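Working notes, structure below.
Note that the structure is predicted; figures quoted are calculated from it, not measured. Side chains included, hydrogens not; waters and symmetry mates left out as well; all remaining heavy atoms used.
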Amino acid sequence: MTVKVVEGDFLQGASAKYAIVVGRFNSFVVESLLEGALDALRRHGVAESQITVYRAPGAFEIPLLAQQVAARTKPDAVIALGAVIRGGTPHFEYVAGECAKGLGQVSLQAGIPVAFGVLTVDSIEQAIERSGTKAGNKGAEAALSALEMVGLLQQVGE
């Protein structure tokens, strides 16, 4: 008996429709995440006509916009990008936690991948490292996750 293994790749999702929901707050970091995501999608054969970018004020607003985009435009995946940088108050925990929880709910309710490319970091230096320098580009990683999940979900039940 042979065990069947089903896994995604970066090729099957090339013909899919992608929505990128971007929080504008901390734009000096977030714009690099967006460029990384767009570059990753393009490099894997996704045409620009299959990508739409939606801009929310900040990370707290990303889940609602992602929910509405998923419901109204029916993308194959949503890529959420933003940056929450810890400050001297508990505000960080509220924003980061609600953003993560909300995006998880959107994914399950809509039945589509919602890739989490929202940085939740302790410092500006960490944010810069994760938006294209030392630690790679988490926007590109989120786009690759979305590509892989689209391909994987296409295979479920085959």
Side-chain angles (χ1 to χ4, degrees), residues 7-10 13-14 16-46 48 50-71 73 75-153:
E7 56 188 340
D9 59 33
F10 301 127
K17 184 171 139 184
Y18 294 89
I20 304 178
V21 178
V22 182
R24 283 193 316 265
F25 200 78
N26 291 317
S27 64
F28 67 96
V29 170
V30 176
E31 289 304 309
S32 294
L33 297 174
L34 175 58
E35 287 307 313
L38 291 170
D39 182 59
L41 292 173
R42 288 179 192 122
R43 285 177 187 258
H44 288 86
V46 178
E48 289 192 0
Q50 295 164 239
I51 305 167
T52 305
V53 176
Y54 299 87
R55 294 189 183 269
F60 189 81
E61 295 80 16
I62 290 173
L64 176 60
L65 182 55
Q67 177 193 49
Q68 292 299 304
V69 166
T73 70
D76 294 290
V78 173
I79 301 164
L81 304 175
V84 186
I85 302 171
R86 188 180 302 277
T89 69
H91 184 74
F92 170 89
E93 281 82 12
Y94 296 118
V95 173
E98 290 304 311
C99 181
K101 183 172 72 172
L103 289 171
Q105 290 174 344
V106 170
S107 182
L108 293 175
Q109 289 171 354
I112 62 170
V114 176
F116 191 77
V118 179
L119 300 179
T120 54
V121 295
D122 290 324
S123 67
I124 291 171
E125 292 77 22
Q126 287 178 346
I128 292 168
E129 287 173 1
R130 287 159 178 77
S131 64
T133 62
K134 286 187 203 174
N137 187 305
K138 301 306 177 185
E141 290 178 20
L144 292 175
S145 175
L147 271 166
E148 184 175 353
M149 283 299 295
V150 166
L152 177 59
L153 291 178

*Heavy-atom closest pair, residues A110 and A70*: CB-CB, 3.9 Å
*Test V46 against L147 for side chain to side chain contact (heavy atoms under 4.5 Å, CB included), laying out the working first.*
CA-CA 9 Å; V46 178; L147 271 166; 3.9 Å; yes
*Looking only at heavy atoms, which two atoms of P63 and A59 are closest? And how far apart?*
CD-O, 3.4 Å
Could you go through residues 135-142 and list every donor-acceptor pair under 3.5 Å that involves a side-chain atom there, pairing it with any protein atom two or more places apart or in another chain?
unit_1: N137; atom_1: OD1; unit_2: G139; atom_2: N; d: 2.8
unit_1: N137; atom_1: OD1; unit_2: A140; atom_2: N; d: 3.1
unit_1: N137; atom_1: ND2; unit_2: S32; atom_2: O; d: 2.9
unit_1: N137; atom_1: ND2; unit_2: S131; atom_2: O; d: 3.4
unit_1: K138; atom_1: NZ; unit_2: E141; atom_2: OE1; d: 3.3
unit_1: K138; atom_1: NZ; unit_2: E141; atom_2: OE2; d: 3.4

*Looking only at heavy atoms, what is the nearest atom pair of F116 and A100, with distance?*
CE1-CA, 3.7 Å
*Report the distance from atom CD1 of I112 to atom OH of Y18, rounding to the nearest 0.5 Å.*
11.0 Å
Give every donor-acceptor pair under 3.5 Å between a side-chain atom in residues 77-90 and any protein atom, sequence neighbours left out.
unit_1: R86; atom_1: NE; unit_2: D122; atom_2: OD1; d: 2.7
unit_1: R86; atom_1: NH1; unit_2: E93; atom_2: OE2; d: 2.5
unit_1: R86; atom_1: NH2; unit_2: D122; atom_2: OD1; d: 3.4
unit_1: T89; atom_1: OG1; unit_2: H91; atom_2: N; d: 3.4

*asked:* Can you tell me how far apart CZ (R55) and CD1 (I62) are? Round to the nearest 0.5 Å.
replied: 11.0 Å
*Closest heavy-atom pair and its distance - E61, G58*: OE1-N, 3.0 Å
*asked:* Rounded at 0.5 Å granularity, tell me how far CG in L33 sits from CG in L38.
replied: 11.0 Å
_Side-chain heavy-atom pair I20, L41 within 4.5 angstrom cut-off_ = yes
*Residue Y94 excluded, over 12 heavy atoms near OH under 6.0 Å*: no
*Looking only at atom types and distance, does a side-chain atom of Q67 sit under 3.5 Å from a main-chain N or O of V106, one as donor and one as acceptor?*
no
*When you look at CZ of F25, are more than 12 heavy atoms from neighbouring residues, nucleotides or ligands closer to it than 6.0 Å?*
no
_Just so I know, are the side chains of V29 and V121 near enough to count as touching, which here means a heavy-atom distance under 4.5 Å?_
no
*What is the minimum heavy-atom distance between A16 and V150, and which atoms define it?*
CB-CG1, 3.7 Å
*Spacing of R42 atom CZ and E35 atom CD [to the nearest 0.5 Å]*: 6.5 Å
*asked:* Would you compute the distance between atom NE2 of H44 and atom CG of L144 and round it to the nearest 0.5 angstrom?
replied: 5.5 Å
*Kindly compute the distance separating CG (L34) from OG (S27), expressed to the nearest 0.5 Å.*
11.0 Å
_V118 and L103, any side-chain heavy atoms less than 4.5 Å apart_ = yes
_N/O donor-acceptor pair under 3.5 Å between T133 side chain and I128 backbone_ = yes
